[in-house]
Q: 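My questions will all concern the structure given below.
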Amino acid sequence: MSDMVHQSVLIVDDSPDIHQLVGARLRSERVNLIHAHDAAEGFRLAASEKPDLILLDLDMPITDGMTLCRQLKAEQELSDIPVIFLTGTMDVQTKVQAFELGAVDYVTKPFDAVELKARVRAALRTKRYHDLLTTKAQIDALTGLWNRGYLNDRLAVEMSVLERKGLPVAVAMVDIDHFKPINDTYGHPFGDAVIQRIAEVLGNMSRDSDVVCRYGGEEFAIILRDTPSEGAMTVAERMRKAVETLQLTCGKTPVPVTVSIGVAGSDRVGNATDSGTHLLEAADRALYRVKEAGRNRVGGITP
Ligand code: GH3
Ligand code: MG
């Protein structure tokens, strides 16, 4: 997914002339063009660059556009990228087949400059809304952190990175201590504000590469990437301390708030590679133990 200013367009066509022509026609648009000259290169670049739109020649030697489109739509990570077919003349049956395969549009060669631009623009606009909605659905409204749905998806991705590259990953489960009495004493809106402040602290105390999520009501989960257990424990302790020193007040009344944190790292959890669930469960067990032990503390898992 590219940034908000420049979206990227991958063009897959075996004819150098078409690359040049499309390049010229889209020059005035704010898009990054990526060039592929056959289906194999197109697939590779789609996977590595995640373009916002693919302009795909229907008629290519070796592997044709329909086949490549089918391959793209079969990949979960690539299936949302809109495809516009570039074609010579196209009979009705082929058009129907293209749309059934998931193409959003087609442009017939030789293309009119204004028409090509208009169709590319429309497809990119829809893609932008799509990306926005997808992101919104994964964000918690109260805190602006990632939500539990995103956590689960992301954990699965991190587990596959762990498997491929051997990078350690850790999970920290954070739970606010005695939160129910805070709600009962100072009211639910104040409770919400406490959750927001703690979310802020967790965000500030973590690295950009960490994934901070609101797991449930007053519970948070943090994925610490490329982090062994020991490092994760250090980060968690820093977070615990930061919450303890917050000095929240309701009106003029000081309201001390603390959190308990359970940490589990892939280097200490056996079988962690089969799913992130193991890691989450282990962190949850560690959290349960520190709650039992008196709260406002950090605990790891004992091998
Ligand atoms: P412990 O130290 O054992 O974690 O005690 P606790 O009181 O924090 O734990 P418990 O799970 O019993 O209570 C959590 C409370 O959090 C219950 C619920 O009313 C409150 N809560 C859950 N979600 C929200 C929310 O979004 N806003 C507010 N204000 N309160 C919430
Ligand atoms: Mg709690």
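Every number for a ligand or one of its atoms is a count from 1 in the order of the listing.
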Q: Any N/O/S atom from Asp177 (main chain or side chain) under 2.8 Å of the Mg ion (ligand 2)?
A: no
Q: Checking Ser266 side chain against Val169 main chain: does a donor-acceptor pair fall under 3.5 Å?
A: yes
Q: Of all the N, O or S atoms in Asp175, which one sits nearest to the Mg ion (ligand 2)?
A: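 The Asp175 atom nearest to the Mg ion (ligand 2), restricting to N, O or S, is OD1.
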Q: Could you check Thr143 against Asp140 for side-chain hydrogen bond (donor to acceptor under 3.5 Å, both in side chains), going step by step and ending with a plain yes or no?
A: CA-CA 6 Å; Thr143 59; Asp140 171 61; 2.5 Å; yes
Q: Students should be able to answer this: which protein heavy-atom is nearest to atom 26 (O) of ligand 1, and at what distance?
A: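 The closest one turns out to be Arg214 NH2, 2.8 Å.
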Q: For the pair Glu115 and Arg119, find out whether any cationic side-chain nitrogen is under 4.0 Å from an anionic carboxylate oxygen.
A: yes
Q: Using the six-membered ring wherever Trp is involved, compare the ring planes of His19 and His35 and label them parallel, tilted or perpendicular (cut-offs 30° and 60°).
A: tilted
Q: So, is Phe179 polar-close to ligand 1, with some N/O to N/O distance under 3.5 Å?
A: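 For ligand 1, there is an N or O atom that lies under 3.5 Å from one belonging to Phe179.
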Q: Closer than 4.0 Å and a protein heavy atom, does any atom meet both conditions relative to atom 10 (P) of ligand 1?
A: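 No, no protein heavy atom sits under 4.0 Å from atom 10 (P) of ligand 1.
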Q: When you compare the side chains of Arg214 and Asn147, does any donor N or O come within less than 3.5 Å of an acceptor on the partner?
A: no
Q: Can you tell whether the side chains of Arg297 and Glu237 come within less than 4.0 Å, N to carboxylate O?
A: no
Q: Find all atoms of ligand 1 within a distance of less than 4.0 Å from any non-hydrogen atom belonging to Gly191, and give their numbers and elements.
A: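 Counting atoms of ligand 1 from 1, those under 4.0 Å from Gly191 are 29 (N).
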Q: Are Asp210 and Arg225 ion-paired here, with the side-chain N under 4.0 Å from a carboxylate O?
A: no
Q: Which of the numbered atoms in ligand 1 are below 4.0 angstrom from a heavy atom of Asp175?
A: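 What qualifies from ligand 1 is 4 (O).
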Q: For Tyr186, does the OH atom have more than 12 heavy-atom neighbours from other residues, nucleotides or ligands under 6.0 Å away?
A: yes
Q: Counting non-hydrogen protein atoms only, what is the nearest one to atom 27 (N) of ligand 1? Give residue, atom name and distance.
A: Asp192 OD1, 2.6 Å
Q: How close does the nearest protein non-hydrogen atom get to atom 5 (O) of ligand 1, and which residue and atom is it?
A: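 Result for atom 5 (O) of ligand 1: His178 N, 3.4 Å.
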Q: Could you check atom 18 (C) of ligand 1 against the protein and tell me its nearest heavy-atom contact, residue, atom and distance included?
A: Asn183 ND2, 4.1 Å
Q: Check this for me, if you would: do Asp57 and Lys109 make a salt bridge, where the nitrogen-to-carboxylate-oxygen distance has to be below 4.0 angstrom?
A: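 Answer for the salt bridge query: yes.
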Q: Within the side chain of Ser260, is there an N or O that forms a donor-acceptor pair under 3.5 Å with the backbone of Asn296?
A: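 Flag set: sc Ser260 to bb Asn296 pair under 3.5 Å.
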Q: Examine Ile176 against ligand 1 and note whether any of their N/O atoms are separated by less than 3.5 Å.
A: yes
Q: Write the atom name of the N, O or S atom in Glu218 that is nearest the Mg ion (ligand 2).
A: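 Going through the N, O and S atoms of Glu218 one by one, OE1 ends up nearest to the Mg ion (ligand 2).
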Q: Determine, considering heavy atoms only, which of Arg295, Lys291, Lys180, Glu292 sits nearest to atom 4 (O) of ligand 1.
A: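 Selected option, by shortest heavy-atom distance: Lys291.
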Q: Does Lys291 bring an N, O or S atom to under 2.8 Å of the Mg ion (ligand 2)?
A: no
Q: Could you find the nearest protein heavy atom to atom 22 (C) of ligand 1 and give me its residue, atom name and distance?
A: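 Its nearest protein heavy-atom neighbour is Gly217 CA, 3.6 Å.
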